[in-house]
Each structure stands twice: as structure tokens, then as C-alpha cells.
Amino acid sequence: MGINQIIEESTVAQIKELFDLDVDRSKIVTQKTNPSFKGDITVVVFPIVKLVKKAPQEIGDQLGQALVNSLTEISAYNVEKGFLNLIVADDYWLNSFYDIRKSDEFGFVSVEGADTVMIEFSSPNTNKPLHLGHVRNNLIGHSVAEIVKASGKKVIKVNLVNDRGIHICKSMLAWQRWGNDETPDSTGKKGDKLVGDYYVRFDKEYKVEIQQLVDGGMDKKQAEKEAPLMLEIQEMLRKWEDGDDATRSLWSMMNGWVYDGFKSTYSRMGVSFDKVYYESETYLLGKEIVEKGLKDSVLVQKDDGSVWSDLSADKLDDKLLLRSDGTSVYMTQDLGTAVQRFQDFSLYSMVYVVGNEQDYHFKVLFMILGKLGYNWAENMVHLSYGMVDLPSGKMKSREGTVVDADDLMEEMVETAKATSEELGKLDSFSDQEATELYEIIGLSALKYFILKVDPQKKMLFDPKESIDFNGNTGPFIQYTHARICSILDKANIAEKNQQEVLIDSDKLHQKERQLIITLSNYPGIIQEAASTFSPALIANYVYELAKDYNQFYQAVSILKEADQTLVEFRVSLSSSVSQVIKSSMRLLGIDVPRRM
RNA sequence: GGUCGAGUAGCUCAGCUGGAUAGAGCAUCUGCCUUCUAAGCAGACGGUCCUAGGUUCGAAUCCUAGCUCGAUCACCA
């Protein structure tokens, strides 16, 4: 039980005792004491004033006295303008610290017998390389999966690759026509980049055709529909759906190139999946479900044969589920895929990491699933994250303003290298060690930069301004960890001994006390981050912890302390901090080096 | 036009289940390396929390309206 809980429960009991009043626990508001006052936890007296009908100061005094008397955890109190500030006993914090030392994976909850959560993220198209938007998606997805796992749920990470459709045919057709049999091997180009080039090429040629038709007097919308290239890719898609050999093999070959490219991007980014779904294998799913829904009169059919879900009761537009020709749409396939996944894996819930441009889609998807009678629909989550904008606005592939994922990672690593060399820190490293370190530092700067922002908010990225390595950044946290490791190495105290260092509470330094308080917040932060799907909470937490440690490091000497017991205590405290830093950073998908 | 989301320091972001004088980092300026890694620490400067009302003992936080920006509303995916 946390200290806030202890205080809240005891406050309820003391109010009963002192004023003979039954107060609901929810009326008791505790918060961290404002740093400009003395204390750790503050009970806000105002909500109680109305019930007790006495002056805030008087209530605060009586309550404070009663809490000090009844709780060994509370050593003193003061009352300031209706705020009862409680000072938590040093012994309580020391004991919390000893508990932390004893726990195996501090803050983590066992997943034994837990519910299973499926998390879908990444979901790229196979017609262009991954860009900054995907980077945010991937990093959030990976991190949320780690966090949810740490919070005590089983997690299955899945990717749904959009490998078919009219947009995929565009790059295929362009390559067929203008490709001259180019391959990744023949050009030395990464497969996803090569295919992406032809996607862009198609668009360019298509625009020329449209312009020609418009110049010839045709309406623009009509021109877009009737341009020869448009007609050709529609024909190509039909062939693909009919299983035409030539089309299918071209498709397989080009998708294969793309997958090779993705593989290296994912690998460098450090994300992976337990299962990869391909839309070419799932796009026909959902029809039976829709037909059953029609039979059960949950859905309606129009005269032309098309099937719809009537959402007017929920003040939304009707949603098409089957076209008049019987073919399905995106929504249909999502319905089918969801149902199949819940059956296959006995899921408790499902999280879709998808940008907020699809808010409406998921709202409707979950609503229709509910209408169709799947009661797990209420456990479905759309983890809707904001777009990454550039100073110039939205990224647009056709205008060449897209920030490429591979380029971005490479630049970060290059910057890490330049910074490290400038600081001259790595002189004792071998070339290979140094190269590995640049990778770890560069990627941490990037990942932390993205993950520290609340997923729900849109974020701004300025390619001209390089991402910082000082202050609230990944490298800063890594640096703190490396400093600790350096001390641990020099201390040369067996981990076993460290676990049992007890000190008198009057020797506890203010900064040590603060560190223990911050450490003991970790389990709560993990739970909160898991329930809100927010890696940003972990990022903010670990930054706080690193800052606290650096203050401690500055304020007291660790190895040069005369009192050997204190040396060992500080080393063990440092060790715990380094473990929690490492653990938090792992939840963010970020490595921490022992030296830097 | 309907719906949804966002507007906090020069910049990037915290804080939002209502609580004390709204916090960090960057940038600018000032100190601290003969002492465990200065990618650090300490300090200064910097605010009509978009605006106007309302609820409340108390509002950046909740409600209403407006302004600005974004997304979305296809027999597209």
C-alpha cells in the first residue's frame, strides 16, 4: 500500500474519531506537497471544512495531530492556509527502499494467468518507404506493448501490412513501363526506396495525362477518372484479383523488395512483431459477418443490393459495408479481421495504434461490432496519435517534404558521432565499440524526442534544427546511467552486500530521501502509463529520476565518504537508480550503455 | 456546413479525475572541472495558460459561446 493510500484511509478514520462523521474516501484529497512548503504529502482541508463546520486551521491542526499520533509513517505536520502538510518519517522511506532492493523486477507485475491484449501498429503500405510518421507509430506501438506487458498483461504485437490495392498497382505499373528491369541489386538501392520512386513516377506521369485531357477541354474530375494510366491500373487490379500469373508474380517480386527494405528499417529501429498479417490474405474477411448481420436485421440492404449499417440513432451517417456488386470495403475487412483475431487468440482487448485521421473510422468500427453483438467491442481501443508536422505543415510525399525514416536515423547517429568526438569522451573506445555507441546514443535522442510527447498530441519536427543531446533528452538519461555504472565499477562492492546495507535514518541526506521517493513512484507510473497508453509518462518519470540523481551526485560524495556504511548505502542507492533507469528506458525501447 | 481534436514562456513540451506563488528543456546571460564522467550542477531572465462569460471557498484544469489551426464526414484505403 502506498503512502497516499495509508494517509487517506487513516484520515477517514480520524475524522470519524474526532468529529464523529462518516466521510467518503473520495472527499479526501492528497497531493504532493508544494516544494515551497515543508512536507511530503498534503491533505487539502477545504473539502472537509463544509462537513465539519470548523475553521480550516483548526481542523488541520486536529487532524495533523491525530495522524502523527496514530501513524508511525508520519513524523510531523504543519498547517498553511487550509493545507495540512505531512512529513513522512525517514524510516518509512528507508524501509521502502529496502523493499525495492529486495524486489526482483521492481515495478513489474507478473503476467501469469493474465488477460491477453493484442496491439496492432506500424501497418505500412508496400508502395513507399517508412517516414517520420511511421517512426512515431512504430515507437509508440513498441513502447506501449512493453509498458502493457510490464503492467501485468500478456501482449501480442501484430502488424497489418497493406500489400494490395490500387495504390500498390501504381508502382507496379510504373516499374513495368519505365523500370528497364531495374532491381535493388542492379541499382544498389534499398528495395522500398526503389518501389517508392516508381510510385512517385506514376503520380508524375498521371498528372501529365490529366493536364493533357484538361487542356483538351475535359473536366478535371472526369480527366482523373479517364486518364489512360488510371484505366490501366484498374485493369491491373482486376487481373490481380483474378489471380493472373504475371500480375501476381510482379506483385510478389516488388513486395519482396519492399519487405527487404522494411526489414532493415525495423531492425535498426528496434521494433518487431509476433505476427504479421497481410491484407492480401484478410481483405475478403468480413463478408459472412455482414451477411449474418443482415439476416439478424442488424444491418440493412438497399434496393441496389448494397449493405449498410444504420448509425443514425448515434447521430452518424450510414456506413456502407458491401457494395452493390457484393465486394467489400475497408470497414468490412476490419470487422472480419477483428472477429477472427478475438477467436484465434481469446483476446481480452485489442489496441490499434493508428493516427487520429482515422478517429471516425474506429468509432464506427467499434460501434458496428457492438451492434453485431460482440460484447468485447467495448474493450477495443483506438490509440489515436497526432500527426508529426513540419514547420511548413504536413508532410507530403508528392512534394518531397517527407522525412525518411532511414535518413533520419542515420542523421541522428551521425550527430551522435560528431558530438561524442567533440567532447572527446570515447578516446579509450575501440572503433567497433564507438560505432555501437553512436548508434545507441543517436537512436536514443530520436526515440526519446518522439516518445516524451503525449501520443494524443500532434508534434512538430524541424529537420533543420537537430535534436538536442542536452537537457530533457535520451542522451542525458543515458549519461546519468553511465555515470552510475562507472561508480558501481569502482566501488567494487558485491551486489549481495549492497542489498543489506542499513543506515540510521538520521544519516539520510535530503537528496537521498528525494531519490527514494522518486524510485518508489515507479510501479504506480507503470500502471498509469499502461492504462492511458502513454509512453510519455515513463519518459517524464525517468527524466525526473535522472535529474534527482544528478543533484544527489553533485551534493554528496559517494566513494569518498569516510563512513563506510554510508558509502555502501549510497552505492546501493545508485545501483537501484541505474536499474530503474535501465528498466524505464527499456519500456521506451531505448538501450542504455555502461560507458559513454 | 456537421462531428472530433488542439491552442500554456521567443521555441519544443509538462501540468488537465478542480487546490497553495503555473513547471521543465532549448535559446540568452552568470557562476562551478587539483575531488566519483561538465552530454553535469547552481542561478538569472522569460507568462493576458487563445478570448469572453459561467459554476466554485478555489479554474490552465469543469460548463457555455466565440476566435484560430488541424483532422474527418466517399460504392477510397
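Naming: A, B, ... by sequence-line order, numbering from 1 per chain.
- What separates CG of D24(A) from P of U17(B) is a distance of 18 Å, to the nearest Å.
- Considering only side-chain N and O atoms, R323(A) lies nowhere under 4.0 angstrom from the phosphate OP1 or OP2 of A74(B).
- RNA chain B is contacted by both K81(A) and F449(A); F449(A) maps to the nucleotide lying nearer its 5′ end (nearest heavy atom per residue).
- A stacked arrangement is not assigned to F83(A) and the six-membered base ring of G19(B), the conditions of a centre distance below 5.5 Å and an interplanar angle below 30° not being jointly met.
- Counting non-hydrogen atoms under 4.0 angstrom, M459(A) reaches the backbone sugars and phosphates but no base.
- Distances shorter than 4.0 Å separate some side-chain N or O of R483(A) from OP1 or OP2 on A38(B).
- Judged by Watson-Crick or G-U wobble contacts below 3.5 Å, the nucleotide A42(B) has U30(B) as its partner.
- Checking the phosphate oxygens (OP1, OP2) of A42(B), a side-chain nitrogen or oxygen of Q551(A) falls inside 4.0 Å.
- Figure legend. A6(B) is base-paired to U68(B); pairs are counted as Watson-Crick or G-U wobble with both atom distances under 3.5 Å.
- Between A20(B), U37(B), A71(B), one nucleotide has an atom nearer to the side chain of N85(A) than all others, and that is A20(B).
- A sub-4.0 Å separation between OP1 or OP2 of U37(B) and a side-chain N or O of S486(A) is present.
- At the phosphate of U37(B), OP1 or OP2 sits under 4.0 Å from a side-chain N or O atom of K490(A).
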Discussion item. Salt bridge (charged side-chain N to carboxylate O under 4.0 Å, His left out) for D359(A) and K363(A)? Distances and angles first, verdict last.
Written reply: CA-CA 6 Å; D359(A) 283 355; K363(A) 196 173 170 183; over 6 Å; no

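- Across all strands, L460(A) comes closer than 4.0 Å only to sugar-phosphate atoms, never to a base (heavy-atom distances).
- The H167(A) side chain lies nearest to A77(B) when the options are C13(B), U37(B), A77(B).
- The nucleotide whose nearest atom lies closest to any side-chain atom of P47(A) is, among G40(B), G19(B), U21(B), G19(B).
- The stretch residues 434-447 of chain A comes close to RNA chain B through I441(A), each having a heavy atom under 4.0 Å from the strand.
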Would you list the protein and nucleotides 23-29 of chain B atom pairs, both N or O, that sit under 3.5 Å from each other?
residue, atom, partner, partner atom, Å
A24(B), O2', Y543(A), OH, 2.9
G25(B), O2', N472(A), N, 3.4

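- Going from atom CD1 of I210(A) over to atom CG of D203(A) covers 8.0 Å, rounded to the nearest 0.5 Å.
- The distance between atom CG of N356(A) and atom P of C73(B), rounded to the nearest whole Å, is 13 Å.
- Both A536(A) and K50(A) sit near RNA chain B, but only A536(A) has its closest nucleotide nearer the 5' end.
- Among the nucleotides A14(B), A71(B), U37(B), the one closest to the side chain of K394(A) is A71(B).
- For A20(B), the base is stacked against the aromatic ring of F37(A), per a cut-off of 5.5 Å between centres and 30° between planes.
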